[in-house]
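Please read the structure below before turning to the comments.
For reference, positions follow the sequence shown, starting with 1. Since the structure is predicted, the reported quantities are computational estimates derived from the model, not experimental observations.
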Amino acid sequence: MHLGFSFMNTPHDPDPRDLARALEERGFESLWTGEHSHIPVSRKTPYPAGDELPEAYKLMGDPYVTLMAAASVTSTLKLGTGIALLMERELFSQAKTIASLDRLSGGRLMIGTGVGWNEEEFTNCTRQPWGKRYGVMRETVMATRALWRDDEPEFHGDYIDFDPVWCNPKPAQAGGPPVIFGAMGPLGVKHAAQWADGWMPVDVAMGDVQEGLHAFRQQVAENGRNPDTVPVTLQTLITPDLDTLKRYRDLGVERVVIGVAVDMWDQPEKIMPMIDKFAGLIPQINA
């Protein structure tokens, strides 16, 4: 099982180049960062975790620029968006940005994506219907895969429609980076089981992790897919100990992505000590 690290990517955090070097040197598999192009001042949509919105959400940098900086100083560290809001960017430009990053990083990119939680943010960026966002997400991924894969891609769906185009260069990874769906709840899990290259749940929202993994894999099989080809990346918001990590390993989780707890997002000095602590556990996880 692999270990990844995620951070909020604010100006107060370590430089992503320094962070990437430290992770690669210490045996981490991957670096992850999320995306919010903006946060509406309106608080109509409540913060999902309750309480006040953490200040770090207002300060997040661009994930693709940040991951390119990380790629430029590493050679094996994988790079992930956790999560990217694919529906909130222009389709063709985004496909080219991701393809370019994948090429320049030597095929090390993974795209974790989701439908987002802030309705006002969504409607600021697109005229697609918020109430149909899971269907829009599916078509966004399908259309993007076509742009990455085909010489003269075209797509004709309910929400996305375009005639044949040229869209190059193609990603380094054949067919494009894996698209990992970060979704919880019955509808999100249903979509992940149907079309995603992987599933990225959050530990605190799963309840019984073993039961959740079993249910997901059962849905994958019911969709005529092999669960072994749809790996699970578990984002943990509860700092795990070694026994917990070994349990996740034994449950068949492909990677666990850790990060400093929410209440420490404004304390960047906590990041490197945490990385050093977990670096010491990496050799033991798969022993």
Side-chain angles (χ1 to χ4, degrees), residues 3-43 45-74 77-85 88-89 97 101 105 108-114 116-118 120-121 124-125 182 200 202-204 233-240 255-282:
L3 201 61
F5 186 84
S6 67
F7 77 127
M8 286 298 284
N9 190 23
T10 79
H12 304 304
D13 288 323
D15 186 299
R17 291 163 291 193
D18 296 334
L19 186 56
R21 287 191 193 97
L23 291 169
E24 186 169 83
E25 290 168 358
R26 288 161 176 77
F28 282 77
E29 179 237 15
S30 50
L31 170 65
W32 300 75
T33 189
E35 176 178 31
H36 284 282
S37 62
H38 69 288
I39 295 290
V41 174
S42 165
R43 304 304 314 130
T45 301
Y47 176 52
D51 302 321
E52 291 297 318
L53 179 79
E55 193 70 16
Y57 274 104
K58 305 174 186 177
L59 304 172
M60 295 174 70
D62 181 277
Y64 303 114
V65 174
T66 296
L67 293 176
M68 186 65 253
S72 71
V73 296
T74 55
L77 187 73
K78 291 188 176 182
L79 313 159
T81 58
I83 59 173
L85 299 175
E88 297 184 14
R89 293 193 183 219
T97 293
L101 174 53
S105 67
R108 290 186 275 152
L109 186 58
M110 300 175 284
I111 299 296
T113 188
W117 56 267
N118 192 304
E120 300 94 282
E121 179 184 5
N124 282 346
C125 296
M200 192 173 188
V202 178
D203 59 352
V204 295
T233 295
L234 183 62
Q235 174 72 59
T236 178
L237 297 182
I238 302 173
T239 304
R255 79 176 50 78
V256 171
V257 179
I258 63 169
V260 296
V262 175
D263 60 359
M264 292 190 290
W265 282 356
D266 61 348
Q267 301 175 49
E269 69 276 6
K270 303 288 187 180
I271 289 179
M272 285 310 305
M274 184 178 191
I275 288 173
D276 286 336
K277 172 187 173 182
F278 278 87
L281 300 183
I282 290 173

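- Between Ser37 atom OG and Glu88 atom CD the span is 6.0 Å, to the nearest 0.5 Å.
- Nearest approach of Thr239 to Thr236, heavy atoms of both residues: N-OG1, 4.5 Å.
- A distance-only check finds no donor-acceptor pair linking the side chain of Asn124 to the backbone of Glu121 [under 3.5 Å].
- Closest approach of Met60 and Gly34 over heavy atoms only: CE-C, 3.4 Å.
- Residues passing the side-chain contact (heavy atoms from CB on, under 4.5 Å) test with Asn9, sequence neighbours excluded: Phe7, Thr33, Thr66.
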Identify each donor-acceptor pair in which a side-chain atom of residues 46-59 lies under 3.5 Å from a protein atom, sequence neighbours left out, and give them as a table.
unit_1	atom_1	unit_2	atom_2	d
Glu55	OE1	Lys58	NZ	3.4

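- Annotation: side-chain hydrogen bond (donor to acceptor under 3.5 Å, both in side chains) contacts involving residues 18-28, sequence neighbours excluded, comprise Asp18-Arg21, Glu24-Thr76, Arg26-Asp276.
- Under the rule for a salt bridge (Lys or Arg N to Asp or Glu O under 4.0 Å), Arg108 has no partner lying at least two apart in sequence or in another chain.
- The distance from the CG atom of Asp62 to the NE2 atom of His36 is 13.0 Å, given to the nearest 0.5 Å.
- Rounding to the nearest 0.5 Å places CE of Met110 at 7.5 Å from CG of Leu79.
- Judged by distance alone, the side chain of Thr81 and the main-chain N or O of Gly112 form a donor-acceptor pair under 3.5 Å.
- Once rounded to the nearest 0.5 Å, the distance linking CG of Asp203 with CD1 of Ile238 reads 4.5 Å.
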Distance-only criterion, 3.5 Å: show the donor-acceptor pairs between side-chain atoms of residues 255-272 and protein atoms not counting sequence neighbours.
unit_1	atom_1	unit_2	atom_2	d
Arg255	NE	Glu29	OE1	2.8
Arg255	NE	Glu29	OE2	3.3
Arg255	NH1	Thr233	OG1	2.8
Arg255	NH2	Glu29	OE2	2.8
Trp265	NE1	Val260	O	3.3
Gln267	NE2	Asp263	O	3.3

task = List the steps and the verdict of side-chain contact (heavy atoms from CB on, under 4.5 Å) for Trp32 and Ile83.
result = CA-CA 8 Å; Trp32 300 75; Ile83 59 173; over 6 Å; no

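- Between Ala69 and Ser72, the shortest heavy-atom distance links the atoms O-OG, 2.6 Å.
- Heavy-atom minimum distance, Tyr64 versus Ala84: OH-CB, 3.5 Å.
- Residues Thr45 and Trp117 share a closest heavy-atom pair of CG2-O, 3.0 Å.
- Listed by chain and residue number, Leu242, Leu245, Phe278, Gln284 satisfy the side-chain contact (heavy atoms from CB on, under 4.5 Å) test with Leu281 (two or more places apart in sequence, or in another chain).
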task = Decide side-chain contact (heavy atoms from CB on, under 4.5 Å) for Leu19 and Asp13; before the verdict, give the C-alpha distance in whole Å, the side-chain angles of both, and the deciding distance to 0.1 Å.
result = CA-CA 9 Å; Leu19 186 56; Asp13 288 323; over 6 Å; no

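- Between Thr113 and Leu85 the shortest side-chain heavy-atom distance does not fall below 4.5 Å.
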task = Go through the steps to decide whether Arg89 and Glu35 satisfy the test salt bridge (charged side-chain N to carboxylate O under 4.0 Å, His left out), and finish with yes or no.
result = CA-CA 11 Å; Arg89 293 193 183 219; Glu35 176 178 31; 2.6 Å; yes

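- Scanning both residues, Leu31 and Ala70, for their nearest heavy atoms gives CD2-CB, 3.8 Å.
- No side-chain donor-acceptor contact under 3.5 Å links Ser105 to the backbone of Ala71.
- Taking 4.5 Å as the limit, some side-chain heavy atom of Arg43 sits within range of a side-chain heavy atom of Asn118.
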